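Below is one structure; the comments refer to it alone.
For reference, positions follow the sequence shown, starting with 1. Since the structure is predicted, the reported quantities are computational estimates derived from the model, not experimental observations.
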Amino acid sequence: MEPKHVLEVVDMGIDTHQEPVVYLREDCDICRAEGFTASSRLTLSANGRTLIATLNVVDNHVLAVGRVGLSKVAMQQLHVKTGGRVLAQHTPVLTSLSLVRKKIYGHSLSGDEITQIITDITAHRYSDIAIASFLSACAGNRLDVDEITALTKAMVACGKRLEWPGQKRIFDKHCIGGLPGNRTTPIVVSIVSAAGLIIPKTSSRAITSPAGTADTMETLTNVNLKLAEIQRVVSETGACLAWGGGVNLSPADDLLIRIERALDLDGEGQLIASVLSKKIAAGSTHTVIDIPVGATAKIRTQEEAGRLASLFSEVGTACGLVTRCVITDGSRPVGYGIGPVEEARDILSVLQNLSEAPQDLRQRSLMLSAHLLDMALGNGLQNCLQQAQQLLENGEAWKQFQRIVRAQGWSKVLPTAHYQHDEPADRSGVVTAIDNRRLARLAKLAGAPFHPAAGLRLAVNVGSEVQAGQPLFTLLSESKGQRDYAMEFYHDNGPIFTIDETS
């Protein structure tokens, strides 16, 4: 006779993102015997696997007696199917949660203590609330350089690492974000890999922005590559443009990013650890970090940018990664498109040298490519800039991009949003400022990045002369509700575009 705590599995078909959830009847014998209530943490075991899940209590008619419901991620983690059996029992006390409380009260954590926390998070032992507590305790510059270094190393240690036998130098590039439309990475990767650099680029999806590089590239090709596929693509082309979350590189980072997105939080220490852990896990030895600075960018002052650059370099050195930070203009959005599909349109136009291509995106991509080439060749920035420009203008970068896309699986046709709304200027004059943060928020409310075709397309930028009634931008959405919601935000939250009347 089976113990009471062994229950028959029911797939509830509920997507709880990456937090495992277990569902039990309100009169379940286990709940009565063990004192389990809603939001309790249970340990589930099946097929030699163990998982900690959050309990949701359901009405009796939802589940039959002797059955337990599991969310999608719980089913996946335990490798069970409907009709399988799981053992449910109390969860041991997590000692690392006391370390989170230690940080909440303002104390520093040792490397071993941070490793304990990240190990438990990676093993799905933390609830979303506990992860949020850890992130909040670390935000606001509350991590010192030793803690950031320890966090970076712990995040690398908890996942897989790519290796590149026979290659002494592996390159990478990353922008810290906060600047709508700044989708330089696919262009940079195409240019520098056409020059012979090895750059296996694994990118994150959007955290607080309307699109990440992985979101944008997914509109053009397959980004969900396994480790062996990444290695094959890089072997064939010298580069890739893949999603890092699909290959278990720094998996703790993906769990943290999910909560950061919900909190709209991107703390300094977590930002550095997130970026560098992914680079190290991808096998990179040299990386360029783009740090845009502007009044409405993520980093607002030159002093703040200098401090962040210093931390990046110090932590990178401690982890064996050569890091060059480039502080760039973040006073205005880049390109015309904001959102996955619209940013992809800009990328393609730059790589194809089309006359309508956004020149600011082109120039930023060339400048960052020059920094990478200079790290590799030491020929000086000006010479490397000329080399990058030649590779773009002679079509080699475009050919290389096409090789990468084909090697990753397929090419896609960019979709068009179902609803488009042109928003006119209410006065004539010159655009003197654009609020990057609220512009990004507007694109997200329209549905980006979850609806790839959603977002907006700029008709003007800082310095543009406009006439009253001339479109400022086109809002793109997949539903009328998203369109109306976004435009309500636009009209009720002060001007995103500052237009000064000409004398």
Inset, instruction - Go through Asp329 and Arg364 one step at a time and tell me if the salt bridge (Lys or Arg N to Asp or Glu O under 4.0 Å) criterion holds. - result: CA-CA 9 Å; Asp329 178 17; Arg364 291 177 76 96; 5.4 Å; no
Legend entry - Ser193/Gln400 under side-chain hydrogen bond (donor to acceptor under 3.5 Å, both in side chains): CA gap, chis, key distance, verdict: CA-CA 7 Å; Ser193 61; Gln400 174 65 357; 2.9 Å; yes
Inset, instruction - Go through the steps for Asp254 and Arg205 under the test salt bridge (Lys or Arg N to Asp or Glu O under 4.0 Å), then give the verdict. - result: CA-CA 9 Å; Asp254 297 302; Arg205 298 190 184 277; over 6 Å; no
Inset, instruction - Could you give me the CA-CA distance, side-chain angles and deciding distance for Leu442 and Ile496, then say whether side chain to side chain contact (heavy atoms under 4.5 Å, CB included) is met? - result: CA-CA 9 Å; Leu442 180 65; Ile496 292 178; 4.2 Å; yes
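Defined by atom type and a distance below 3.5 Å, a donor-acceptor pair is present between the side-chain atoms of Ser479 and Gln482. A donor atom on one side chain and an acceptor atom on the other are found under 3.5 Å apart for Asp290 and Thr328. Between the side chains of Gln420 and Thr474, no donor-acceptor pair of N or O atoms lies under 3.5 Å. Donor-acceptor pairing under 3.5 Å is recorded for the side chains of Thr296 and Asn436.
Among the candidates Thr184, Thr185, Ile191, Ile289, the single residue satisfying the side-chain contact (heavy atoms from CB on, under 4.5 Å) test with Leu368 is Thr184.
Within the structure, side-chain hydrogen bond (donor to acceptor under 3.5 Å, both in side chains) contacts touching residues 128-139 (residues at least two apart or in different chains) are Asp128-Arg258. A side-chain hydrogen bond (donor to acceptor under 3.5 Å, both in side chains) check over residues 141-153, counting only residues at least two apart or in different chains, returns the pairs Lys103-Glu147.
The aromatic rings of Tyr490 and Phe473 stand perpendicular to each other, their planes meeting at an angle above 60°, with 30° marking the opposite boundary.
A salt bridge between Glu236 and Arg232 is present, with a side-chain N of the basic residue lying under 4.0 Å from a carboxylate O of the acidic one. By the 4.0 Å N-to-carboxylate-O rule, Glu229 lies too far from Lys226 to be salt-bridged with it. One finds a salt bridge joining Asp253 and Lys278 here, because a Lys/Arg side-chain nitrogen approaches an Asp/Glu carboxylate oxygen to under 4.0 Å.
Taking CD1 of Ile187 as the start and CG of Leu366 as the end, the distance is 8.5 Å to the nearest 0.5 Å.
Shortest non-hydrogen contact noted between Leu476 and Ala446 is O-CB, 3.5 Å.
For Glu393, the salt bridge (charged side-chain N to carboxylate O under 4.0 Å, His left out) test picks out Arg362, with sequence neighbours left out.
Panel note: side chain Thr323, backbone Ser313; no donor-acceptor pair is recorded below 3.5 Å. The closest donor-acceptor contact from the side chain of Asp422 to the backbone of Pro471 lies at 3.5 Å or more, if one exists at all. In this structure, Asp215 contributes its side chain and Ala206 its backbone to a donor-acceptor pair below 3.5 Å. Formation of a donor-acceptor pair under 3.5 Å by the Lys412 side chain with backbone atoms of Glu218 is found in this model. Of the possible donor and acceptor atoms, one in the side chain of Thr237 sits under 3.5 Å from a partner among the backbone N and O of Val233. In this structure, the side chain of Thr285 engages the main chain of Ile170 through a donor-acceptor pair within 3.5 Å.
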